[in-house]
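Naming convention: chains lettered A, B, ... in sequence-line order (proteins, then strands); numbering from 1 in each chain. The shown structure was predicted, so the numbers you read here are calculated from the model rather than taken from an experiment. Values below: every heavy atom of this structure, side chains too, minus hydrogens, waters and symmetry copies.
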Amino acid sequence: MLDIRKIRENPEFYQIETQKKGSAIQIEELLKIDEKRRDLLTQVEQLKRERNSSSKMIGEAKKRGEDAEEAVLSMRKLGDEIAEIDNQMKALDAEQTELLMMIPNVAHPSTPEGKTSEDNVTVSTWGSPKKHDFNALDHKSLGEKLGIFDFERGAKISGSGFPVYRGLGAKLERALIQWFLDMHLEAGFEEVIPPYLVHRDSMRGTGQLPKFEEDMYHCAKDDLFLIPTAEVPVTNLYSNEVIPESELPMRLCAYSACFRREAGSYGKDTRGLLRLHQFNKVEMVYFSHPTKSYEDHETLTRFAEVLLEKLGLSYRRLALCKGDLGFGAAKCYDLEVYAPVEDKWLEVSSCSNFEDFQARRSNIKTKINGKNTFLHTLNGSGLATPRVMVAICDQYQTADGSLMIPEVLRPYMGGLQQISPSK
RNA sequence: GGAGGAAUGGCCGAGUGGUUGAAGGCGCACGCUUGGAAAGCGUGUUUACUUAAUUGUAACGAGGGUUCGAAUCCCUCUUCCUCCUCCA
């Protein structure tokens with residue numbers, strides 16, 4: 001959520017910047033409501049002041065045994081007036097908040113200008129994209145041949161987009177998750193196992209609601225939402241709290257299953273593991289000092305990159321342009337891993353700095369020089385497993401149809417070096 | 001799921017309708033005292049919005065109600081505790 005005071009001070013700036021984020025602010029309406037609201041506020045506070053002093057006098061008079069009937073009567077009228085204005089104000093307040101909640105964050109100046117993913121800027125590339133000199137299989141065919149994925153039965157029980165990992169595939173998936181977590185723990189993150197179902201407030205806090213309700217799985221009976229990322233419960237861990245400045249940056253990591261309806265993206269890269277309704281991801285979350293968040297953002301992104309480097313998967317880092325930036329993000333790097341069989345770069349991580357956008361929604365503060373201040377929240381995948389799995393399948397398969405296990409994962413596979421087709 | 005109890009400031013804990021934003025204690029900060037420290041004494045110590053202004057308004061789990069006036073009375077909800085029931 002943006003700061004209404006800043007919008008008030010510099011409406012043109014916010015008009016232009018939110019437009020670049022692909023969703024223009026309804027600035028006139030917003031400021032009109034704001035002005036009316038503040039007008040009523042001063043009015044009603046004046047009336048309340050009157051009420052407070054009169055009530056005090058009534059109390060004193062009654063104590064002295066005097067009759068205060070007349071004052072009581074006029075106060076009763078004043079009370080009605082106050083209630084009336086209070087109601088108007090509450091309505092305006094709700095209206096204003098709803099508008100503010102629909103407005104995206106503005107981009108950091110270091111973010112490239114641009115409208116679509118075409119305009120994203122490749123910041124760096126690591127490794128050289130591998131090419132096979134044999135006729136390599138795509139991950140779906142390979143995986144089914146090796147018996148490590150079972151897409152058909154997943155679809156049978158839940159529909160498409162719900163993969164089943166089997167046998168050594170399940171173990172490999174688990175190895176990825178565990179290795180990711182272990183790497184983060186080594187770097188000093190605290191591990192969290194969060195709830196997968198969260199209430200509406202949490203979803204509003206991180207920005208999924210109210211705007212993107214359609215993309216979420218919702219349990220109507222309990223009004224709970226399945227998390228699309230561990231970012232939601234982990235960031236909201238500290239909602240309505242003040243984190244001591246000395247504890248910043250606070251760094252948490254969490255594995256969770258993630259659930260996304262992917263409404264409106266049917267038909268796009270839906271093969272195999274490329275786009276799913278349920279997938280596994282390890283997420284890193286930072287609660288940062290407002291003056292340090294951009295440093296932290298670089299550090300965070302590096303943690304994710306190192307994982308790909310250790311897996312021996314070439315990747316590139318993109319700086320998202322203003323138009324492609326997520327709703328709440330001020331700056332974001334995407335990491336894309338190269339999948340040789342697909343001959344595509346696949347997004348496996350998104351590392352974002354939200355500045356105080358989420359902190360304001362969730363009310364997460366820190367105390368700086370005795371003053372409570374919204375802190376900055378950051379998060380990044382480290383990493384989402386499905387496309388890493390695709391890249392591994394693509395890159396680590398051999399001409400005889402086996403799949404080599406990346407070196408770093410072998411300790412988690414009982415020393416297993418490769419998965420071979422059963423005879 | 002059933003029965004009961006509880007929720008107050010950084011912490012503990014008073015407070016059952018009026019001058020209580022909230023006693024008292026602890027903690028913390030500053031000062032006095034001291035060779036130094038402890039003890040002791042003194043002062044201060046919530047947040048948000050608002051104002052020229054410590055000007056004013058609001059907040060005692062959350063929301064609603066009664067009242068001239070609510071931390072205090074009523075209703076709903078949430079969370080925690082105890083006892084049953086059930087269960088991985």
Side-chain angles (χ1 to χ4, degrees), chain A residues 1-9 30-101 193-205 209 219-225 233 236-248 250 257 287 290 356-375:
Chain A
M1 191 160 67
L2 297 176
D3 186 349
I4 183 69
R5 273 173 301 196
K6 290 193 180 147
I7 298 177
R8 216 183 276 148
E9 283 165 20
L30 188 65
L31 290 182
K32 215 170 69 194
I33 290 168
D34 182 51
E35 197 180 330
K36 188 144 178 227
R37 200 195 94 248
R38 299 201 305 145
D39 192 52
L40 289 179
L41 183 69
T42 48
Q43 249 183 69
V44 81
E45 282 192 353
Q46 185 58 36
L47 296 182
K48 281 180 180 172
R49 180 186 188 175
E50 230 176 289
R51 177 174 71 182
N52 286 347
S53 62
S54 293
S55 290
K56 201 178 275 186
M57 272 159 55
I58 291 172
E60 280 161 6
K62 285 203 169 165
K63 217 165 245 174
R64 278 186 259 110
E66 296 168 14
D67 175 46
E69 197 48 35
E70 199 176 313
V72 168
L73 280 175
S74 75
M75 277 309 101
R76 196 172 291 168
K77 234 174 83 187
L78 186 68
D80 292 343
E81 221 174 304
I82 288 171
E84 166 69 25
I85 300 176
D86 263 344
N87 282 337
Q88 283 178 41
M89 238 174 49
K90 208 177 290 174
L92 285 173
D93 209 51
E95 206 177 325
Q96 179 175 320
T97 304
E98 278 319 292
L99 273 177
L100 278 172
M101 291 294 258
I193 300 181
Y196 290 1
L197 284 166
V198 298
H199 53 230
R200 209 164 262 282
D201 284 349
S202 300
M203 292 294 252
R204 286 171 71 90
L209 294 183
C219 305
K221 197 162 186 180
D222 303 288
D223 200 23
L224 290 171
F225 294 83
N236 280 290
L237 231 39
Y238 283 91
S239 64
N240 298 311
E241 292 198 40
V242 179
I243 301 177
E245 189 179 11
S246 61
E247 287 180 33
L248 301 181
M250 185 183 270
F287 297 95
D356 64 4
F357 188 83
Q358 293 180 328
R360 182 170 277 108
R361 290 173 163 243
S362 284
N363 190 26
I364 309 173
K365 294 181 170 172
T366 187
K367 198 165 220 156
I368 299 172
N369 297 326
K371 177 86 186 132
N372 282 344
T373 315
F374 291 116
L375 48 69

I need the [atom1]-[atom2] distance between [X] and [N], as an integer number of Å.
| X | N | atom1 | atom2 | result |
| --- | --- | --- | --- | --- |
| E60(A) | rG18(B) | CD | P | 13 Å |
| K48(A) | rA70(B) | NZ | P | 10 Å |
| R76(A) | rG69(B) | CZ | P | 9 Å |
| D39(A) | rU57(B) | CG | C1' | 15 Å |
| K56(A) | rA70(B) | NZ | P | 13 Å |
| L78(A) | rU57(B) | CG | P | 13 Å |
| M89(A) | rA58(B) | CE | P | 11 Å |
| E50(A) | rA58(B) | CD | P | 13 Å |

Practice task
May I ask you to decide whether D34(A) forms a salt bridge with R37(A), counting only side-chain N to carboxylate O separations under 4.0 Å?
Solution key: yes
Problem - Short N-O contact, E98(A) and R204(A), less than 4.0 angstrom - result: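 Looking at E98(A) and R204(A), the cut-off is met.
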Exercise for the section: Could you tell me whether the side chain of S202(A) and the main chain of V198(A) form a donor-acceptor pair under 3.5 Å? Expected result: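 Looks like no, no N/O pair under 3.5 Å.
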Practice task
Give a yes or no answer on whether the side chain of S362(A) reaches the backbone of A359(A) with a donor-acceptor pair at less than 3.5 Å.
Solution key: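 Side chain of S362(A) to backbone of A359(A), a donor-acceptor pair under 3.5 Å: no, none is there.
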[M] and [N], which share atom name [atom1], separated by this distance in whole Å:
| N | M | atom1 | answer |
| --- | --- | --- | --- |
| rU78(B) | rG61(B) | C1' | 8 Å |
| rC87(B) | rG17(B) | P | 48 Å |
| rA23(B) | rG13(B) | C1' | 10 Å |
| rU8(B) | rG2(B) | C1' | 30 Å |
| rG9(B) | rG63(B) | P | 15 Å |
| rA14(B) | rC68(B) | P | 33 Å |
| rC75(B) | rG25(B) | P | 36 Å |
| rU67(B) | rG18(B) | C1' | 12 Å |

Problem - Atom pair CD1 (I364(A)) and CG (L237(A)), whose distance is rounded to the nearest 0.5 Å - result: 9.0 Å
Completion exercise
In this structure, CG of L99(A) is separated from CG of L2(A) (nearest 0.5 Å) by 12.0 Å
Practice task
Go along nucleotides 47-55 of chain B 5' to 3' and tag each nucleotide: B for a protein heavy atom under 4.0 Å from its base, S when only backbone or sugar atoms are that close, - otherwise.
Solution key: SSS------
Exercise for the section: Pull out every stem in RNA chain B, meaning runs of 3 or more consecutive Watson-Crick or G-U wobble pairs with both distances under 3.5 Å. Expected result: B:1-7 with B:78-84, B:10-12 with B:24-26, B:27-32 with B:40-45, B:46-49 with B:56-59, B:61-65 with B:73-77
Pairs under 3.5 angstrom, nitrogen or oxygen only, protein versus nucleotides 59-65 of chain B, please.
residue, atom, partner, partner atom, Å
rG64(B), OP1, K90(A), NZ, 2.9

Handout entry: Passing option when N372(A) is tested against N363(A), T366(A), V242(A) for side chain to side chain contact (heavy atoms under 4.5 Å, CB included)
Key =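 Considering N363(A), T366(A), V242(A), a side chain to side chain contact (heavy atoms under 4.5 Å, CB included) with N372(A) is found only for V242(A).
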Heavy-atom distance under 4.5 Å between the side chains of [X] and [Y], does that happen here?
| X | Y | answer |
| --- | --- | --- |
| F225(A) | L209(A) | yes |
| S54(A) | L78(A) | no |
| I82(A) | V44(A) | yes |

Exercise for the section: Can you see which heavy atom on R64(A) is nearest to which on E66(A), and at what distance? Expected result: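 Shortest heavy-atom contact: NH1-OE2, 2.6 Å.
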Polar-atom pairs under 3.5 Å, protein N or O versus N or O of nucleotides 9-11 of chain B: list them with distances, or write none.
none

Fill in the blank from the handout: residues 75-92 of chain A vs salt bridge (charged side-chain N to carboxylate O under 4.0 Å, His left out), sequence neighbours excluded, gives K48(A)-D86(A)
Exercise for the section: Could you note down all residue pairs passing salt bridge (charged side-chain N to carboxylate O under 4.0 Å, His left out) where residues 357-368 of chain A supplies at least one of them, sequence neighbours left out? Expected result: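 Passing the test, one end in residues 357-368 of chain A: D3(A)-R360(A), D356(A)-R360(A).
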